[in-house]
Amino acid sequence: MADAVLHYIHDPLCGWCYAASPLVAAARQMPAMEIRLRAGGLFVGANRRPVTPELRGYVLPHDRRIAQLTGQPFGEAYTDGLLRDPSAVLDSEPPIAAVLAADQIAGRGLDLLTRLQAAHYVEGRKLAEREVLVALAKDIGLDETAFEQALDETLGARTQAHLADTRAWMAQVGARGFPTFVLERGGRLSTIEAGEYLGRPGPWQARLRALAGHRDPAT
């Protein structure tokens, strides 16, 4: 399975990507499974959203459903703090740039993405703010100076290029939203519908093994 790549089309502020986080963690446990992050940009440009009562009313039912399906936690600092803060803005570009920067300096983009999701959905942190991103990078052990430099270099043109590449790739594979998982093996691409596996990491791993042409270790 050394040649298996799991492409993960995501957004750091996508609730259903947070729901799929345990599936990503399960895939990381599989020997020789490479996970390649492709950020699509849910809240970028004209789609940036200020936090309003209407937005809160829209996302909370989805969050409750995610919690029921997966057990993923949602903290009061998020539900009754961030989602009631009129100064907060949902802007995917800064956290996407942070993930790219973490990958650039240490190959730890996925570790930072996981930390960003917890910071947003549990701790109610504002991921649009540079100082928050720097603090979270320090939390996972990244060098502060190196990360800040990489973040500054990544914000803007490099992040926009990454988003454009992801959207072109989504069109190529027929991906319609976030999250989307595509397994690549020997040049063959297989899109996996993750919805049925939410909260079921064991069957998810079995599905990945089957697509990668690997026998189940129990057989």
Side-chain angles (χ1 to χ4, degrees), residues 1-45 47 59 62-63 65-72 90 92-93 95-97 99-100 102-103 107-114 116-117 120-121 159-219:
M1 207 162 64
D3 62 344
V5 178
L6 184 64
H7 298 270
Y8 176 29
I9 302 170
H10 75 286
D11 187 276
L13 299 177
C14 163
W16 290 102
C17 295
Y18 181 54
S21 185
L23 303 185
V24 178
R28 296 188 80 180
Q29 296 169 3
M30 301 176 68
M33 173 71 73
E34 176 188 352
I35 300 176
R36 193 167 299 169
L37 293 173
R38 294 179 179 271
L42 182 60
F43 298 105
V44 297
N47 290 324
V59 301
H62 293 280
D63 294 340
R65 179 63 175 153
I66 289 167
Q68 291 168 356
L69 280 173
T70 68
Q72 288 285 80
L90 298 187
S92 298
E93 189 166 340
I96 288 171
V99 170
L100 293 173
D103 243 352
R108 297 191 62 196
L110 187 49
D111 291 330
L112 185 57
L113 174 61
T114 302
L116 293 174
Q117 289 173 320
H120 179 71
Y121 289 107
T159 301
Q160 290 298 325
H162 176 87
L163 294 171
D165 179 72
T166 296
R167 288 167 184 163
W169 202 79
M170 290 176 71
Q172 176 187 335
V173 301
R176 292 190 291 259
F178 316 112
T180 296
F181 293 93
V182 181
L183 189 79
E184 178 180 359
R185 179 175 182 267
R188 181 176 179 179
L189 300 175
S190 303
T191 300
I192 314 170
E193 174 51 60
E196 64 183 284
Y197 297 104
L198 293 176
R200 303 171 64 231
W204 168 253
Q205 284 185 327
R207 178 61 173 157
L208 293 179
R209 279 193 291 269
L211 288 173
H214 228 237
R215 293 184 60 190
D216 192 301
T219 62

I would like to know whether Ile96 and Asp11 meet side-chain contact (heavy atoms from CB on, under 4.5 Å); could you show each step before the answer?
CA-CA 7 Å; Ile96 288 171; Asp11 187 276; 3.8 Å; yes
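- Nearest heavy-atom pair across Ile9 and Ala175 is CD1-CB, 3.9 Å.
- Of the options Thr114, Thr159, Leu113, a side-chain contact (heavy atoms from CB on, under 4.5 Å) to Val99 is made by Leu113 and by none of the others.
- Residues Leu6 and Trp204 share a closest heavy-atom pair of CD2-CZ2, 4.2 Å.
- Between Arg207 and Leu183 the shortest side-chain heavy-atom distance does not fall below 4.5 Å.
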Decide yes or no on side-chain contact (heavy atoms from CB on, under 4.5 Å) for His120 and Leu90, but give the supporting numbers first.
CA-CA 10 Å; His120 179 71; Leu90 298 187; 3.9 Å; yes
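- No donor-acceptor distance shorter than 3.5 angstrom exists from the side chain of Ser92 to the backbone of Gly41, with no hydrogens or angles considered.
- At least one donor-acceptor pair under 3.5 Å links the side chain of Gln72 to the backbone N or O of Tyr18.
- The line from CD of Glu193 to CZ of Phe181 is 10.5 Å long, rounded to the nearest 0.5 Å.
- Summarising the geometry of Pro203 relative to Tyr197, their closest heavy-atom pair is O-CE2, 3.7 Å, with the distance given to 0.1 Å.
- Proximity of a side-chain donor or acceptor of His7 to a complementary backbone N or O of Arg38 within less than 3.5 Å is not detected.
- Here CG of Leu100 is found 10.0 Å from CG of Leu112. Values are rounded to the nearest 0.5 Å.
- Contact between Gln29 and Gln205 at its shortest, heavy atoms only, is OE1-NE2, 3.6 Å.
- Interatomic distance, Phe178 CZ to Leu13 CG, rounded to the nearest 0.5 Å: 11.0 Å.
- Across every non-hydrogen atom of Arg36 and Glu34, the tightest pair is NH2-OE2, 3.0 Å.
- Expressed to the nearest 0.5 Å, how far CH2 of Trp169 lies from CG of Leu189 amounts to 5.5 Å.
- In this structure, OH in Tyr8 is found 12.5 Å from CD1 in Ile192, a value given to the nearest 0.5 Å.
- Between the Tyr121 side chain and the Gly15 main chain, a donor and an acceptor come within less than 3.5 Å of each other.
- From Leu208, atom CG reaches atom CZ of Arg185 across 12.5 Å, with rounding to the nearest 0.5 Å.
- For Ile66 against Ala19, the heavy-atom pair with the smallest separation is CG2-CB, 3.5 Å.
- Two residues are said to be in side-chain contact when any heavy atoms from C-beta on lie closer than 4.5 Å; Leu37 and His162 fail this criterion.
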